[in-house]
Amino acid sequence: MGIVNKVSAALSNSAESESVDADASRGAYWCDGCDVRVRDVNVDEQGLDRDDEGTPLCPDCGDQMRFERTYADGCAC
């Protein structure tokens with residue numbers, strides 16, 4: 001049963017880290033012209049440039065992205 005416990009623990013830790021990341025997210029940045037979407041918690045990870053106000057710029061066209069907050073269901077999609 002040792003291996004079953006190890007696999008269960010690994011899967012449990014993976015699910016916990018995903019739920020923490022989802023809980024930390026407050027929305028997503030969108031480029032309406034390119035239909036590019038980047039969750040707020042992934043902006044730095046993806047290395048997006050920012051304008052003078054700190055708003056991420058679209059990686060495809062360079063335009064300022066629009067922030068959209070999550071809704072009651074917790075989805076920023």
Side-chain angles (χ1 to χ4, degrees):
M1 292 290 286
I3 191 143
V4 171
N5 290 337
K6 287 181 182 180
V7 170
S8 294
L11 292 174
S12 174
N13 288 339
S14 172
E16 287 176 13
S17 66
E18 289 176 10
S19 67
V20 169
D21 187 41
D23 291 341
S25 178
R26 298 288 177 231
Y29 288 94
W30 292 84
C31 177
D32 294 316
C34 298
D35 290 329
V36 172
R37 174 186 174 265
V38 179
R39 290 182 55 218
D40 60 341
V41 293
N42 296 336
V43 168
D44 292 331
E45 177 182 296
Q46 292 190 15
L48 297 182
D49 291 330
R50 294 177 184 258
D51 65 10
D52 293 337
E53 297 171 1
T55 304
L57 302 175
C58 177
D60 290 354
C61 70
D63 287 347
Q64 185 181 43
M65 298 178 83
R66 173 179 55 84
F67 184 72
E68 186 171 294
R69 298 192 189 284
T70 59
Y71 292 99
D73 64 0
C75 178
C77 48

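The basis for the numbers below is simple: all heavy atoms, side chains too, and nothing from hydrogens, waters or symmetry mates.
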field: Set of side-chain contact (heavy atoms from CB on, under 4.5 Å) partners for D60, sequence neighbours left out
entry: C34, V36, C58
message: According to salt bridge (Lys or Arg N to Asp or Glu O under 4.0 Å), who are the partners of D35, at least two apart in sequence or on a separate chain?
response: none
task: Taking all non-hydrogen atoms of both residues into account, name the closest pair between C31 and M65 and its distance.
output: N-CE, 3.8 Å
field: Closest contact, heavy atoms only, P56 versus L48
entry: CB-CD1, 4.1 Å
field: salt bridge (Lys or Arg N to Asp or Glu O under 4.0 Å) involving R66 - partner list, sequence neighbours excluded
entry: D32, E68
query: Does anything in residues 42-53 pair up under salt bridge (Lys or Arg N to Asp or Glu O under 4.0 Å), and if so which pairs, sequence neighbours excluded?
result: D44-R50
- prompt: Between R26 and D40, which heavy-atom pair has the shortest distance, and what is it?
  reply: N-OD2, 2.8 Å
